[in-house]
Amino acid sequence: MGTQISITLWHSNAETAEQLLASGMAEMHRLDELLSPWIETSELARVNRLAVGLPQKISDELIFLIDKSLYFSRLSDGAFDITFASVGWFYNYRERQQPNEEKRRALLPAINYQWLDLNKVERTLAFKHKNVRIDLGGIAKGYAVDRVAAILQSGGVKRATISAGGDSRILGDKLGSPWMIGIKNPRDGGDQSSRAVIMLPLENTAISTSGDYERFFIDEKNGKRIHHIINPKTGQSAEGVVSVTILGPEGSDTDPLSTTVFVLGVEPGIALVNRLPGFDAVIIDSTGKVHYSDGLVAP
Ligand code: AMP
Ligand code: MG
């Protein structure tokens with residue numbers, strides 16, 4: 001998943017705790033091998049190679065993730081769209097590469113979730129446009145932390161935190177007091193880990209942050225920040241927001257929702273979250289202003 005994983009847990013038996021940690025890490029690796037677009041043998045890579053016009057049998061997990069992704073696409077009028085990868089595939093942030101104008105324009109019509117033909121009865125997926133590619137980077141980490149949470153819970157764990165990059169699940173409290181989770185101001189330089197703009201006391205929740213500082217480079221020609229969250233309407237990095245944090249019950253919702261709200265921008269993003277019971281949002285816009293959904297505004 002190209003990110004750091006961490007698991008912290010309490011258990012009365014040290015040996016069981018070690019076993020559960022190992023199972024949690026093994027689950028992360030299993031999902032990476034299933035969902036990575038870069039691992040040629042992953043199910044996702046296979047689908048990207050073969051699904052154009054030809055329905056491919058896919059696993060229950062891929063069905064779940066694609067179905068959930070389509071739900072967020074419909075909810076946001078396409079702000080969340082896993083076919084973003086039709087253009088997104090040609091960005092390489094580490095190598096400072098982006099598709100040229102011609103390529104971006106040529107491939108833009110392939111970004112459209114309506115090209116995905118998911119048949120839940122036959123358990124197949126087909127692409128209805130020849131240039132379509134999908135990528136589950138906007139939902140896989142949240143799903144992974146949910147899976148690890150389920151493994152820990154089935155082993156009797158009541159208190160834990162699990163995180164994969166910007167996506168975390170928090171189980172229980174921290175021995176009688178809430179876990180304190182900080183949202184950092186991405187434009188604060190220096191020792192980022194020590195700088196938080198907002199501290200949230202949290203228990204039993206999922207929390208996902210999408211930021212334009214995770215994978216990016218600056219285009220020397222125009223000073224633009226080229227980052228990993230793509231506006232499906234343009235095939236270019238979404239603008240106007242620097243970070244979105246979403247709180248909710250499960251990572252497989254908070255993860256895609258954070259990406260969705262990032263693309264939608266402040267007003268439509270907050271309006272969407274306010275319509276969804278059980279979810280809250282903190283958005284830092286590109287001027288540094290912080291916006292909260294209704295559930296977090298002081299009465
Ligand atoms: P996150 O950090 O959770 O916001 O996820 C960012 C990742 O989501 C990117 O690295 C891409 O893999 C993927 N992504 C980027 N733009 C979109 C989009 N518009 N819809 C769905 N997934 C996206
Ligand atoms: Mg996300």
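Quick caveat, the model's predicted, so the values are computed rather than measured. Just so you know, ligand 1 is whichever comes first in the structure, and atom 1 is the first atom listed for that ligand.
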Original post:
Hey, is there an N, O or S on Thr254 sitting under 2.8 Å from the Mg ion (ligand 2)?
Top reply: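 No, since none of the N, O or S atoms of Thr254 sits under 2.8 Å from the Mg ion (ligand 2).
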**OP:** Could you confirm whether Asp167 has any N/O/S atom lying under 2.8 Å from the Mg ion (ligand 2)?
**Re:**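 No, Asp167 does not qualify, because none of its backbone or side-chain N, O or S atoms lies under 2.8 Å.
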Tell me: protein heavy atom nearest [atom], and distance?
atom                    : result
atom 11 (C) of ligand 1 : Phe84 CZ, 3.3 Å
atom 19 (N) of ligand 1 : Ile230 O, 2.8 Å
atom 20 (N) of ligand 1 : Asp81 N, 2.9 Å
atom 3 (O) of ligand 1  : Asp255 OD1, 2.8 Å

**OP:** Evaluate whether atom NZ of Lys57 has more than 12 neighbouring non-hydrogen atoms of other residues, nucleotides or ligands under 6.0 angstrom away.
**Re:**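 Correct, the count exceeds 12.
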In ligand 1, which numbered atoms sit nearer than 4.0 Å to a non-hydrogen atom of [X]?
X      : answer
Pro232 : 19 (N)
Thr259 : 1 (P), 3 (O), 4 (O), 5 (O), 17 (C), 23 (C)
Glu214 : 2 (O)

Between atom [atom1] of [X] and atom [atom2] of [Y], what is the distance when rounded to the nearest 0.5 Å?
X      : Y      : atom1 : atom2 : result
Asn100 : Lys103 : CG    : NZ    : 7.0 Å
Asp173 : Lys158 : CG    : NZ    : 12.5 Å
Gln98  : Ile226 : CD    : CD1   : 4.5 Å
Ile230 : Gln236 : CD1   : CD    : 8.5 Å

[X] N/O under 3.5 Å from ligand 1 N/O:
X      : result
Gly138 : yes
Ala79  : yes
Ser210 : yes
Ile229 : no
Thr209 : no

Original post:
side-chain contact (heavy atoms from CB on, under 4.5 Å) between Asp255 and Leu257: does it pass, once the steps are laid out?
Top reply: CA-CA 5 Å; Asp255 186 6; Leu257 193 52; over 6 Å; no
Original post:
Of the backbone atoms (N, CA, C, O) and the side-chain heavy atoms from C-beta on, which set of Asp135 has a member under 4.0 Å from an atom of ligand 1: side chain, backbone, both, or neither?
Top reply: side chain
Subject >> Side chain, backbone, both or neither: Phe80 near ligand 1, heavy atoms under 4.0 Å >> reply: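 The answer is both, backbone and side chain.
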Original post:
What's the verdict on salt bridge (charged side-chain N to carboxylate O under 4.0 Å, His left out) for Asp212 and Arg225, showing C-alpha distance, side-chain angles and the deciding distance?
Top reply: CA-CA 8 Å; Asp212 69 1; Arg225 178 180 287 254; 3.7 Å; yes
Original post:
Within less than 4.0 angstrom of ligand 1, does Gly166 place any heavy atom?
Top reply: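 Under 4.0 Å: no for Gly166.
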**OP:** May I ask you to check whether Phe217 and His228 place their ring centers less than 6.0 Å from one another?
**Re:**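 No: the rings miss the under 6.0 Å criterion.
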Original post:
Taking the six-membered ring for Trp, are Tyr143 and Phe64 ring centroids under 6.0 Å apart?
Top reply: yes
Subject >> Salt-bridge criterion met for Lys224 and Glu239 (N-O under 4.0 Å) >> reply: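 Result for this pair is yes, salt bridge flagged.
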**OP:** Determine, considering heavy atoms only, which of Arg215, His228, Lys233, His227 sits nearest to atom 2 (O) of ligand 1.
**Re:** His228
Original post:
Which angle, to the nearest 10 degrees, do you find at the Mg ion (ligand 2) between OD1 in Asp255 and OG1 in Thr259?
Top reply: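 My answer is 120°, to the nearest 10°.
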**OP:** Describe, in one word, how the ring planes of Phe80 and Phe72 are oriented to each other, choosing from parallel (under 30°), tilted (30 to 60°) and perpendicular (over 60°).
**Re:** perpendicular
Subject >> Main-chain N/O of His227 paired with Ser237 side-chain donor or acceptor, under 3.5 Å >> reply: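 Checking the backbone N and O of His227 against the side chain of Ser237, a donor-acceptor pair under 3.5 Å is found.
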